[in-house]
Asker: 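Take this structure, written in structure tokens, and hold onto it; I'll ask about it next.
Quick note: numbers below take in every heavy atom, side chains included, and nothing from hydrogens, waters or symmetry partners. In what follows, chains carry the letters A, B, and so on, assigned in the order in which the sequence lines appear, proteins first and then strands, with residues in each chain numbered from 1. Source: prediction; values computed, not measured.
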Amino acid sequence: MSPRIGVITFPGTLDDVDACRAVTYSGAEAVSLWHGDADLRGVDAVIVPGGFSYGDYLRCGAIARFAPVMGSVVEAAGRGMPVLGICNGFQILCEAGLLPGALVRNEKLHFVCRDQWLRVENTTSAWSTRYEPGAEILVPLKSGEGGYVADEATLDELEGEGRVVFRYVDGNPNGSRRDIAGIRSADGRVLGLMPHPEHAIDALTGPSDDGLGVFYSALDALADAPAPVG
Amino acid sequence: MAAPDVDTPALDTTAHAERTPELTQPYRELGLADDEYVRIREILGRRPTDAELAMYSVMWSEHCSYKSSKRHLAYFGETTTPEMKAKMLAGIGENAGVVDIGDGWAVTFKVESHNHPSYVEPYQGAATGVGGIVRDILAMGARPLAVADPLRFGPAEAPDTRRVLPGVVAGVAGYGNCLGLPNVGGEVVFDESYAGNPLVNALCVGAMRTEDLHLAHASGTGNKIILFGARTGLDGIGGVSVLASETFSGDESGGGRKKLPSVQVGDPFAEKVLIECCLELFDKRLVVGIQDLGGAGLSCATSELAAAGDGGMRVDLDRVPLRAEGMTPAEILSSESQERMCAVVRPSDVDDFMAVCRKWDVLATEIGEVTDGDTLVVRWNGETVVDVPPRTVAHQGPVYDRPFARPKEQDTIEADTPDRLARPSTPDELRETVLRMVASPELASREWVTQQYDRYVRGNTVLAQPSDSGVVRVDENTGRGVAVATDCNSRFVRLDPYEGTRLALAEAYRNVATSGAMPVAVTNCLNFGSPHDPGVMWQFERAVHGLADGCAELGVPVTGGNVSFYNQTGEQAILPTPVVGVLGVLDDVRRRIPTGIGAEAGESLLLLGETRDEFGGSAWARVAHGHLGGTPPTPDLARERLLAEILVAASRDGLVSAAHDLSDGGLAQAAVEMALIGQCGARVVLDPDADPFVQLFSESAGRALVAVPRSEELRFTEMCSARGLPWRKTGVVDPGAGALHIQDVGDFGLDELRAAWEGTLPALFES
Amino acid sequence: MARVVVDVMPKPEILDPQGQAVAGALGRLGFQGVGGVRQGKHFELEVDDDVDDDTLARIAEGFLANPVIEEWTVRRVER
Amino acid sequence: MARVVVDVMPKPEILDPQGQAVAGALGRLGFQGVGGVRQGKHFELEVDDDVDDDTLARIAEGFLANPVIEEWTVRRVER
Ligand SMILES: Nc1ncnc2c1ncn2[C@@H]1O[C@H](COP(=O)(O)OP(=O)(O)O)[C@@H](O)[C@H]1O
Ligand SMILES: [Mg+2]
């Protein structure tokens, strides 16, 4: 049986359809999860997709992190379930404390939608094993508040532990500290990134299909070490 | 000034109106003419109540009633043949036109203007413009698929443009991105005439299964009227606030309401949720009829729903959830609060309807029902404040035959041809002109604007900026999709409104075809100055005829549109700007034609069409000489049709690997863009027997530059020759070169070109 | 140098979706007793002592706020 | 009911591009004498009188501000 990967929809979520499509392309089963429902429906991994949950009012991700489903996600992540936060999902995971740091308004103050080169810096997380270390991939970036910030000690720790998974190359699009595009949790099961791998699964509708590796990686991780049922 | 009325109760009911026929009413402040007010009294057989007056005044405004344009717009209907109508499921008169695109899919699209609010408050004006057009599409029962934003501003270097443009762009981005609708096209045009009156037009395209078409009507006695979405506040009630003042003299010190700004603030999150909520309601077949609330708010929604149905309607206005205290019935009827919809629902479905709204956290309130009479009755705490025949509000507004006449100065402009302008001739001059054109605000890359727009969301965007048209996939299984483009070179329209409008149509049509799509339908947004100016009315009349005649020649129907008058600063009208939107169909979006060269190993560049010495209204005349005069290029719509058929056929057979239409800036601009977008060099060879300047910069219509894989060159050129389309081999793609070489002009390094093309807008608008 | 604070708020009759979202979330989070919330912008300016109130008003009215939809207050803060 | 104002500002060590853009624009517009500008958020809450300072602090710290990047102040306003 193919693994089941949940994709959360909050009010204001936009890229849930895309995340589901990417999951399906990679050969897993996409399962829709609803923000107001704490039940994870027995999924093996969870994606918190992009968009503007609750309009991104107050602060990106600030309201969504309190949704009932997020309580279950935090708990499941604690048990080692792979969790991927893309864009708004990354912001939510930071607000929820699953990942350190925060995302702030782009340095140039406006929304940026562009095809962005990334370097894969670490291939040990549940969502990046399919890449060659140092590989460069082309993935859409589209966000207004994508600048990654954390204090120096945290940044040093992330670097030191190999937890910077993706870094911007060919120009920093938003002022992120140390060109950070994506980071992982200490146990490698939780990944958050601003660019959108789910929009790079087919050269017809994206700049490349480089993003598929993220989803294949999760399938490998689940095959190697299935998330414990809770 | 009105005498204080001793008999004034708190509420102006119909009964009170009967009793006080002589009461002075501020109809002029509300924008109604004397004879219009007289007509309202005749229709009702008494004076209108405050609430009725508010309704008639907004619905009989130019914006809602098309009173100056109706006469002329009828020409669209007269020129649409049954053959052109064959694929139209809904046309002019509905919220948006709908066309059958095959495989059981219907597509709807429309452009609207939000010009004046965007000058006052650029961010919110533009944002709510996007919100409004998306609700129009939603009201047809369609899922909105994509948006586009044709924009026009004052001179690029003007300080006020630095206020207006970034605000408008941020507003389009802020609202559209939050809705999750990819932005797939638009325009950015600069001209002095737009300095005090920018044009912010917004287009939305949506799709549905043909059987799901929802037309706005209220039928079925006993069906419930449900208002859902945001609460109703004092937004945009502008003029109507005079009704709430104690005296009608405009004295703001009195106890009445101050005149309120007519700017609305949008809540894109509320609209996103409203969209999902509506789609689920459609899916579960819980609505009989639906109408969006846009300009004129509930006045419009209730009167249009009732007018289109087979019965009457009763509305209890006191049930409307409010956001402000002490709102009067007139204010509630006229409020333009955003993110609201009005549905007609069978009584047995009301519970299910409400459950869906609760799921999405959308406020929904039953405010009335369909009655078996033929009047629209609005009550306030049980008392009748409106009792009108709805058609008189919605459809039987005044119609004017405004005088129109060709202004004499038109001769002067026409006589001032570009022939007198100094032309570059040496290679150095030509080279310098290419670079100067590429870097001009007119022709520079729009990326500073378009990178603020999400073009990827929902994963169906196949082409977007900077390609000739936006292409979105409609059906993921079959690959069926649509292309849209909007265009208008208002300088051409100024020189000749009839031919200029045909050129706008030709360009949008060609842009769609260049992407490999067959054009099937046309929409428009006619932006003009004051209809009281006979010269402006002449431009308008000519433009409508040009568009309608052009559509008949091309065999594509106009399915809808929008008119925006009074675009002027003081007495100075804008350049006449009939923005034309064309929709095309691809049976499989995989065969779309991109713009950038270099995709195949060896490609030849072929120029399709004929180049003449045509510089009236051209980008060169403006950039090099600040000149506008003469006559525009001559359109040849039969040629455009042939060009489109060839491009579509070539896309089907995989004969072309890239294409770009020639428009502003001519061949030089097209070649530069194809090289920069493809990040690939090329060599362009001009015809030694013709003037290089004319070849490089003429804006003759009906042309495209295509890249053809060497292996297909013969097949492609034979097809062109057989069908009578002139073509000329104009060069080769040269991936190794890193430069664009134009024979007898010089080399342009791609880096040099890129810096010129991409540097301009950031230098002007980066804060 | 003096510190000047400019607060810019949506006018009462203007929709404030951000404030509404915050108010709604506070309720869901179980914070009782919070009625309305309105959200605006808070600016802190370091200004030379010779910048007069008139100039500050022009900065607030003409630039920091859009008077069509927003209102503002200026105050000098002791340090 | 009391009115409570919460001001949320980017921490001093966090870059504030919005404030910088405002400062830059003021200079270009010819307003002399404005040094730094920082931009934050201003909330006005209507709260029942029995909501204590502790609750307000939890609202500010746990919700209105993100302590990783922002600092906040709460004050009750006389009416
Ligand atoms: N305001 C805008 N919003 C979105 N796309 C835009 C906007 N302005 C220009 N574009 C896009 O930039 C590209 C170049 O625009 P333009 O030169 O007007 O195209 P064309 O000459 O083919 O009509 C097109 O893809 C167009 O859709
Ligand atoms: Mg084009």
Asker: Is it the backbone or the side chain of A/K142 that comes under 4.5 Å from a heavy atom of chain B, or both, or neither?
Answerer: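 It is the side chain, since no backbone atom gets that close.
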Asker: Under a 4.5 Å cutoff for heavy-atom pairs, which residue among B/R592, B/E766, B/R473, B/Q452 has the most contacts with chain A?
Answerer: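 Option with the top pair count is B/Q452.
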Asker: Taking B/Q451, B/E447, B/R590 one by one, which has the highest count of heavy-atom pairs under 4.5 Å against chain A?
Answerer: B/Q451
Asker: Tell me which of these, A/L109, A/V112, A/D18, has more heavy-atom pairs under 4.5 Å with chain B than the rest.
Answerer: A/D18
Asker: For chain A, which of B/V457, B/L181, B/L179, B/V273 has the most heavy-atom pairs under 4.5 Å?
Answerer: B/V457
Asker: Go through it in stages, so that I can follow the logic: the residues are B/N460 and A/R21, the test is side-chain contact (heavy atoms from CB on, under 4.5 Å), and I'd like the CA-CA distance, side-chain angles, deciding distance and then a yes or no.
Answerer: CA-CA 11 Å; B/N460 287 314; A/R21 188 187 290 115; 3.8 Å; yes
Asker: Measure A/A200 against the heavy atoms of chain B and call it side chain, backbone, both or neither at under 4.5 Å.
Answerer: neither
Asker: For a side-chain contact (heavy atoms from CB on, under 4.5 Å) check, start with the C-alpha distance between A/F52 and B/N177, then their side-chain angles and the critical distance, and finish with the verdict.
Answerer: CA-CA 9 Å; A/F52 292 75; B/N177 293 349; 4.1 Å; yes
Asker: Measure A/S143 against the heavy atoms of chain B and call it side chain, backbone, both or neither at under 4.5 Å.
Answerer: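 For A/S143, there is no contact with chain B at all, as no heavy atom is under 4.5 Å.
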Asker: Identify which part of B/E276 has an atom lying under 4.5 Å from any heavy atom of chain A, answering side chain, backbone, both or neither.
Answerer: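 Neither; nothing under 4.5 Å.
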Asker: What distance do A/H110 atom NE2 and B/W448 atom CH2 have between them, rounded to the nearest 0.5 Å?
Answerer: 5.0 Å
Asker: Quick one: which of A/G144, A/P207, A/S53 has the most heavy-atom pairs under 4.5 Å with chain B, could you say?
Answerer: A/P207
Asker: Under a 4.5 Å heavy-atom cut-off, does chain B meet the side chain of A/P49, its backbone, both or neither?
Answerer: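 Looking at A/P49, nothing touches chain B.
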Asker: Please determine whether side-chain contact (heavy atoms from CB on, under 4.5 Å) holds for the pair B/K359 and A/W34, giving the CA-CA distance in whole Å, both sets of side-chain angles, and the decisive distance to 0.1 Å.
Answerer: CA-CA 10 Å; B/K359 169 180 167 192; A/W34 184 243; 3.9 Å; yes
Asker: Pair B/V169, A/F111 - check side-chain contact (heavy atoms from CB on, under 4.5 Å), show working.
Answerer: CA-CA 10 Å; B/V169 170; A/F111 191 96; over 6 Å; no
Asker: Could you tell me which portion of B/V589 (side chain, backbone, both or neither) has an atom closer than 4.5 angstrom to a non-hydrogen atom of chain A?
Answerer: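 It is both, since atoms from each part get that close.
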Asker: Among B/I275, B/D267, B/L463, B/D361, single out the residue with the greatest number of heavy-atom pairs under 4.5 Å to chain A.
Answerer: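 Greatest number of close heavy-atom pairs with chain A: B/D267.
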Asker: Restricting to non-hydrogen atoms, name the atom on A/C113 and the atom on B/D454 that form the minimum distance, rounded to 0.1 Å.
Answerer: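 Result for this residue pair: SG-CA, 4.0 Å.
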Asker: Can you give me the closest heavy-atom contact between B/C178 and A/G55, atom names plus distance?
Answerer: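 The answer is SG-CA, 4.4 Å.
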Asker: Output the option from A/D16, A/D202, A/L204 having the highest count of non-hydrogen pairs under 4.5 Å with chain B.
Answerer: A/L204
Asker: Look up atom OG1 in A/T205 and atom CZ in B/R458, then write down how far apart they are to the nearest 0.5 Å.
Answerer: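 Interatomic distance, A/T205 OG1 to B/R458 CZ, rounded to 0.5 Å: 13.0 Å.
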Asker: Under a 4.5 Å heavy-atom cutoff, which of A/I201, A/D56, A/D115 has the most pairs with chain B?
Answerer: A/D115
Asker: So for A/Y54, is it side chain, backbone, both, or neither that comes closer than 4.5 Å to the heavy atoms of chain B?
Answerer: both
